[in-house]
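All residue numbers in this chain count up from 1 along the given sequence.
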Amino acid sequence: MKLFGRPRPGSATARKGRRRHSLRAKLTAVNVLLLALGVAAATAVSLMGMRHYLLDKVDTELVSSRQSLELTGLTRQQIEALGAVGSLRDQLAQGMRADGSPPRPGMIFAAVDARGRALSFAGVPPTPEQHTLVAALDDPVGMARTQAGPRDVEMDGDSYRAVGARLGDDSVVVMAASTQAVHVGIRQALKLDLAFGALLVLLLTVLTLVGTRRSLRPLEDMVETASAIAEGDLTRRVPAGQNPVTEIEQLRLALNSMLHQVESAFDTRERSSEQLRRFVADASHELRTPLSAIRGYLQLYDRGILHDPDERTRVWGRTNAEVDRMGRLVEELLTLARLDQEPELQLRNVDLSRLVRDAAQDLRAQQPDRPVSVSADGAILVRADESGLRKVVGNLMGNIRAHTPLEAAVSIGLARSEGMVRLTVADEGPGLSSRDASRIFDRFFRTGGSPGSGLGMAIVQGVVAAHGGEVAVATEPAAGLTVTVSLPAEPVGVSRGDVFPGKRA
């Protein structure tokens with residue numbers, strides 16, 4: 001049965017999902033939608049303003065004509081008497097022109113009786129347009145008497161604005177002005193605005209797609225980098241863009257920093273795992289040797305092969321020696337294990353110079369022919385765990401006894417400087433190569449054929465690190481070995497209590 005899991009960031013399924021829910025597409029859609037709404041709102045406002053302005057202009061002309069006509073005080077009969085004047089007749093009655101052409105468009109005048117019916121005016125019977133105008137008005141007489149403002153009138157599908165005027169004899173004249181030109185102008189303006197708005201939306205769409213693709217390119221680089229890391233390439237980093245956006249650049253730097261930490265943690269874990277495997281293998285090898293020897297001697301004794309008392313004594317001594325060797329090895333392993341578990345150090349004022357002088361005296365007693373010089377006059381107190389410092393000094397002296405010839409001189413120095421106490425142990429022995437010096441603190445590291453378990457310097461480093469100090473070596477082949485132990489006079493961040501949780505070695 002095939003199992004379907006979450007697609008990897010770089011897989012085809014993930015890329016398809018990114019296309020379907022692309023941030024670039026969402027940003028483009030939002031920008032286009034906002035611009036379209038803005039264009040629509042601007043078009044609506046501009047067309048409403050244009051319509052209001054043009055209709056207001058028509059209304060102004062109608063009201064002005066009404067006021068002019070009413071201010072003359074002329075009656076209907078007086079106006080008809082003046083009908084001989086052709087210009088006035090043509091303007092008021094909208095009759096036929098002298099050349100037989102259609103009446104002028106735009107303004108329509110119609111006289112209305114008390115019942116709201118169109119009347120002949122200036123000797124001319126009402127035209128169809130005048131009948132239509134009067135019929136389109138609900139109450140033309142009331143409109144004139146109340147001085148109502150212009151109102152919309154629909155005539156044969158065309159739009160007009162109409163007002164009523166009262167003559168001197170209370171006769172009513174209705175005037176209407178066509179607004180068709182206004183609507184035509186509005187339609188043309190609407191077409192122009194829509195065309196220009198569509199062009200703007202299209203242009204913004206293209207610019208947004210190009211701009212977001214360029215701006216979001218670092219995010220795509222981050223996806224590619226994450227995909228490469230998911231496939232095992234921990235060295236990949238997000239490259240810098242040509243014109244980085246501040247927020248994206250901050251994200252890139254933070255992500256690269258995180259990736260560096262992940263790579264470092266992975267390398268550390270791999271090194272720790274490798275060290276643990278090597279440590280277990282070395283510990284097994286070191287323990288197997290004394291155990292094999294002890295088992296062999298016990299088998300000899302069990303089979304009754306050891307008849308000679310001297311031979312029994314020798315075998316018994318060898319067995320005890322192997323047991324002591326295994327006990328020392330186990331004790332050293334336990335010490336390293338405690339150091340790895342951040343032990344609690346029993347702090348007290350320790351005279352480090354006394355420990356150094358005692359160790360030098362022990363070395364002289366064990367190897368009287370070795371030249372030993374000590375520069376540790378006066379008391380130099382440190383706040384430390386005395387048993388731990390004794391292990392440090394004892395292991396340094398043990399290395400000299402085990403790895404240097406008797407004629408090699410040893411100099412031990414102790415001094416205080418810049419808030420640190422420095423212990424220097426130098427010998428004139430064969431020294432170490434640079435490769436061996438780089439591994440001197442590795443557990444179970446021994447130069448070829450050297451005695452011991454190879455844990456002494458590892459314990460020195462662990463104890464010193466637990467006190468917040470450092471250990472350094474300086475050596476060259478045939479130039480001896482110098483070990484410098486630097487300890488803080490007062491451990492950093494430690495009060496003068498009795499217990500100090502040590503640092504992990």
Side-chain angles (χ1 to χ4, degrees), residues 9 12-64 105-106 149-163 176-226 238-255:
T13 304
R15 288 193 296 270
K16 183 178 179 181
R18 286 199 302 271
R19 288 194 298 268
R20 185 167 58 249
H21 304 288
S22 172
L23 178 60
R24 182 168 60 248
K26 290 182 178 180
L27 291 177
T28 302
V30 170
N31 288 342
V32 170
L33 178 61
L34 291 178
L35 179 62
L37 292 177
V39 169
T43 300
V45 172
S46 63
L47 292 180
M48 290 174 61
M50 178 180 178
R51 181 177 182 276
H52 177 75
Y53 170 76
L54 295 177
L55 289 180
D56 184 68
K57 187 175 181 181
V58 172
D59 292 346
T60 302
E61 293 178 355
L62 286 174
V63 173
S64 177
R151 63 177 61 179
D152 291 321
V153 177
E154 192 75 19
M155 296 172 54
D156 297 330
D158 295 334
S159 298
Y160 287 81
R161 297 284 285 177
V163 295
S178 176
T179 59
Q180 191 65 23
V182 174
H183 295 294
V184 171
I186 291 176
R187 285 195 294 269
Q188 291 177 349
L190 177 61
K191 292 179 181 179
L192 180 62
D193 289 347
L194 290 178
F196 185 71
L199 181 62
L200 279 181
V201 171
L202 179 61
L203 181 61
L204 179 67
T205 302
V206 174
L207 293 179
T208 303
L209 285 174
V210 174
T212 53
R213 181 177 180 85
R214 184 177 182 182
S215 299
L216 298 180
R217 177 61 188 173
L219 296 182
E220 297 178 357
D221 294 338
M222 293 178 191
V223 174
E224 295 177 359
T225 301
V238 182
Q242 296 181 351
N243 298 307
V245 180
T246 302
E247 291 77 3
I248 295 181
E249 179 66 11
Q250 292 175 351
L251 177 60
R252 184 189 71 84
L253 295 176
L255 182 60

Could you go through V184 and Q188, starting from their C-alpha distance and side-chain angles, then the distance that decides it, and tell me whether this counts as side chain to side chain contact (heavy atoms under 4.5 Å, CB included)?
CA-CA 6 Å; V184 171; Q188 291 177 349; 3.8 Å; yes
When rounded to the nearest 0.5 angstrom, what is the spacing between OG1 in T43 and CE in M50?
12.5 Å
Exercise: identify the closest heavy-atom pair between L62 and A176
CD2-C, 4.2 Å
When every non-hydrogen atom of P150 is compared with those of D59, the smallest separation belongs to CB-OD1, 3.4 Å
Which distance, rounded to the nearest 0.5 Å, do you find between the NZ of K191 and the CZ of R187?
7.5 Å
Identify the two heavy atoms, one from L204 and one from N31, that lie closest to each other, and give their separation to 0.1 Å.
CD2-O, 3.5 Å
So how far is it from T60 OG1 to L55 CG, rounded to the nearest 0.5 Å?
10.5 Å
Any V32 side-chain heavy atom under 4.5 Å of T208 side chain
no
Does any non-hydrogen side-chain atom of L34 lie less than 4.5 Å from one of V30?
yes
Nearest heavy-atom neighbours spanning P239 and R252:
O-CD, 3.2 Å
Nearest atoms (heavy-atom pairs only) where L35 meets L200:
CD2-O, 3.5 Å
Give the minimum heavy-atom separation between L47 and I186, together with the two atoms involved.
CD2-O, 3.9 Å
Between the main-chain N or O of T179 and the side-chain N or O of S159, is there a donor-acceptor pair closer than 3.5 Å?
no
Decide yes or no on side chain to side chain contact (heavy atoms under 4.5 Å, CB included) for L209 and T205, but give the supporting numbers first.
CA-CA 6 Å; L209 285 174; T205 302; 4.2 Å; yes
